[in-house]
There are 2 protein chains.
Amino acid sequence: MAPRKIRNMEEFAAVSGISRPTVSKYFNDPDSVRRSTRERIEQALERFDYRPNIFAMNQNRKLTKNVGIVVPYLADPFFAEIARNIEEKCIEAGFRPTLYSAYGDPAQEAEILDSLRALKPAGVLLAPLGRDSDRSFIEKFCKDIPTILFDSNLEGMGAAFVGSDNASFIEQTVDYLCRSGEPPAFFEMRHPANPNANKRRIAYIKKMESLGFEPQVIKVDGRGWGFEEIGRQGAFKLLEQPKLPSRTILCSNDRLAIGFLSACYEKGLRVGLGDDCDLRVASHDDHPFSKFTCPSLTTAAHDYTAVSNRSVETLTQLVESGGRLSARTETLFPARLILRSSA
Amino acid sequence: MAPRKIRNMEEFAAVSGISRPTVSKYFNDPDSVRRSTRERIEQALERFDYRPNIFAMNQNRKLTKNVGIVVPYLADPFFAEIARNIEEKCIEAGFRPTLYSAYGDPAQEAEILDSLRALKPAGVLLAPLGRDSDRSFIEKFCKDIPTILFDSNLEGMGAAFVGSDNASFIEQTVDYLCRSGEPPAFFEMRHPANPNANKRRIAYIKKMESLGFEPQVIKVDGRGWGFEEIGRQGAFKLLEQPKLPSRTILCSNDRLAIGFLSACYEKGLRVGLGDDCDLRVASHDDHPFSKFTCPSLTTAAHDYTAVSNRSVETLTQLVESGGRLSARTETLFPARLILRSSA
DNA sequence: GGCTTTTTTTTACGCGCGTAAAATTTTAGT
DNA sequence: ACTAAAATTTTACGCGCGTAAAAAAAAGCC
């Protein structure tokens, strides 16, 4: 055996007995060469470990296999989890995904997109910051680079949107809460960064009205991505008041609820559905930690897998059709109600 | 104004009135050219937006500015948080960081390192999986690519290790717990993936003995990265037993403690330091959510900032000294005790 | 076996930039 | 203003691969 170092495709072509252009063709698409040549190449590939220089490849190809995955805040386990799924699907689809987080900062989001441009990506999967995003910047980006939006929608931008159906979340939680006890008041941030929050509030009001109940929206102050702390402080403020709007609180999202529950615990309030309880608390997202809150959180779950799969499938279509789809589609997956102990 | 598209460095050099090699030099290090030329280039840079082709740059440079940041599990907020810090520092230091997660899988860890090789990184910041890592593979990688290990140490590998001082964590929590009540039993996974866990157990035993107490180690079953669930199930098992080894439980890490607390809550046990409480629970890491557990978790905090800063500083030194340091250093930062309600 | 069709080889060029060497210009020092 | 040093320009080549065109070989068909 002579495992001498292969320096480039030229040398590798030599040792495998195939011409370099054919080898190049093979690496672009192994099925584009005759079966027998493919086998010969793959045999050589086992004897000599050679991998084409990725920089040279990307430089000369008009289109790379790079895919950018951009999320607004990676330290939020919700995004970490969905990023994990999407990454996996991208690899299965033959892409080279790279993960980016804007960490809540619109400037960083813009910078990520800028540097992404330079990577000639086949496509980008973008979960934008939302309200804080530089919309015109993102719009321009989407015009140049095939982009799928996921999780939070920016009207009209990108080739498609894949996310969860906020109305479905609300309808299920509100319906359940109304059937099982006092109708819920809605607990949310006054200035939510995420557009889903607005959709949820609107859906809440509509659903409550359709059930013949008076909607009650509680807005708490606070900015940024420290939702737990915001929920906690908001809960303290709320619980100080002489009378609650309802003894059932429906939080806009699980991270707020986690903070809310911690405040309740500290105040000595019992949360749950028993008669001996002071409060019921429910929420949305099925955050990875919602199972471990005290009490465990009744919530509505995203279909992580469906969103991830569909996002990557749509991206694949988009790439294969040359970066344009006939029409911008919006795919919304329904929620799944998760009944736990908090409501 | 003639904002015509600049196609390459040649054209940009033309419009800025400078020769291409000098422009190239400028982009490698803006301070390597005369002040006046630098200003002329930067003027042109404002009129024409041009950025050198990153692929061509990286192909020809022997060393890129790329830095890989590899963590074992990005959906763990602890790693997400430290990754965020390190990423920021890398950018400040002029690197181009890219974030990777092995998601608990040694094969993926190896694959990441393999593809990282192809990126000719200036250096890599690696938090290895630990026990599950393919040690010889990582060792080989460290020989080829300048690598700094952080968070969890693999003896002798990499140019340096930067992490937290597990003994300091344990000493502070054990000391506090012993002073304030019954000496703690240590609660951990039977087969911890992370080498820090072993160091913590050993430090626990040593510290207890030095204080004249009998160490009690509780080992719970379970594999993988679902620590909360493992802690929860372990707690249920433990609490079923007729008698606890101690009414003070010191968990090896916060994620186990989060699960432990959720089990206690479900069992109706009061956790805290009051006389009316059944149990005290403390832990280590100051996980981002430990403030919001019920009760809030007494724990020992990593110095995230110090670890991040030192890691990147060490990497910078390593890169500047051509990939070799005179000796392998191990830097350990002490913990900071965070007293909350659980113990 | 002779034909057409598909695949491969040969040949050659280009991508955008790094970089070395020699020639030239600019700067600093006195 | 003169000289040595520093910076820049010129010139030229190479990196590793994509890709186009033409020639050659292999495969498929009756």
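Proteins come first, then strands; the chains are lettered A, B, ... in the order of their sequence lines, and each starts at number 1.
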Visitor: What nucleic acid atoms does F12(B) come within less than 4.0 Å of, heavy atoms only: base, sugar-phosphate, or nothing?
Guide: nothing

Visitor: In terms of the nearest nucleotide of DNA chain D, which residue is placed more toward the 5' end: Y50(A) or V33(B)?
Guide: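 Checking each residue's closest nucleotide, the 5'-ward one belongs to V33(B).
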
Visitor: 5' to 3' on DNA chain C, which nucleotides open and close the contacts with chain A (atom under 4.0 Å from a heavy atom)?
Guide: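 The contacted stretch runs from dT7(C) to dG16(C).
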
Visitor: Closer than 4.0 angstrom, basic N to acidic O: yes or no for K89(A) and E92(A)?
Guide: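 The answer is yes: the pair qualifies as a salt bridge.
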
Visitor: Remember a base hit wins even if backbone is also touched, and classify P21(B) as base, sugar-phosphate or nothing at under 4.0 Å, heavy atoms.
Guide: base

Visitor: What orientation do F27(A) and F12(A) show, parallel under 30°, tilted 30 to 60°, or perpendicular over 60°?
Guide: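 Correct class here is tilted.
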
Visitor: Parallel under 30°, tilted from 30 to 60°, perpendicular over 60°: which one fits the rings of Y73(B) and W225(B)?
Guide: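 Aromatic pair Y73(B)/W225(B) classed parallel.
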
Visitor: Got a sec: does the CD of E111(B) have more than 12 other heavy atoms crowding it under 6.0 Å?
Guide: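 It does not: E111(B) CD has 12 such atoms or fewer within range.
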
Visitor: Only one of F333(B), F79(B), F78(B) clears ring pair (Phe, Tyr, Trp, His ring centres under 6.0 Å) with H302(B); which?
Guide: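 So, applying the ring pair (Phe, Tyr, Trp, His ring centres under 6.0 Å) to H302(B) and each of F333(B), F79(B), F78(B), only F78(B) qualifies.
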
Visitor: Give the C-alpha distance, both sets of side-chain angles, the deciding distance and a yes or no for side chain to side chain contact (heavy atoms under 4.5 Å, CB included) between Y26(A) and I18(A).
Guide: CA-CA 11 Å; Y26(A) 166 85; I18(A) 309 278; over 6 Å; no

Visitor: Categorize K25(B) for me: base, sugar-phosphate, or nothing, with a 4.0 angstrom heavy-atom threshold over every strand shown.
Guide: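 Nothing, no heavy atom under 4.0 Å.
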
Visitor: Heavy atoms under 4.0 Å, any strand shown: does T37(A) hit a base, just sugar-phosphate, or nothing?
Guide: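 Answer is sugar-phosphate: T37(A) comes under 4.0 Å of backbone atoms only.
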
Visitor: Report the residue (V23(A) or R38(B)) whose heavy-atom-nearest nucleotide on DNA chain D is the more 5′ of the two.
Guide: R38(B)

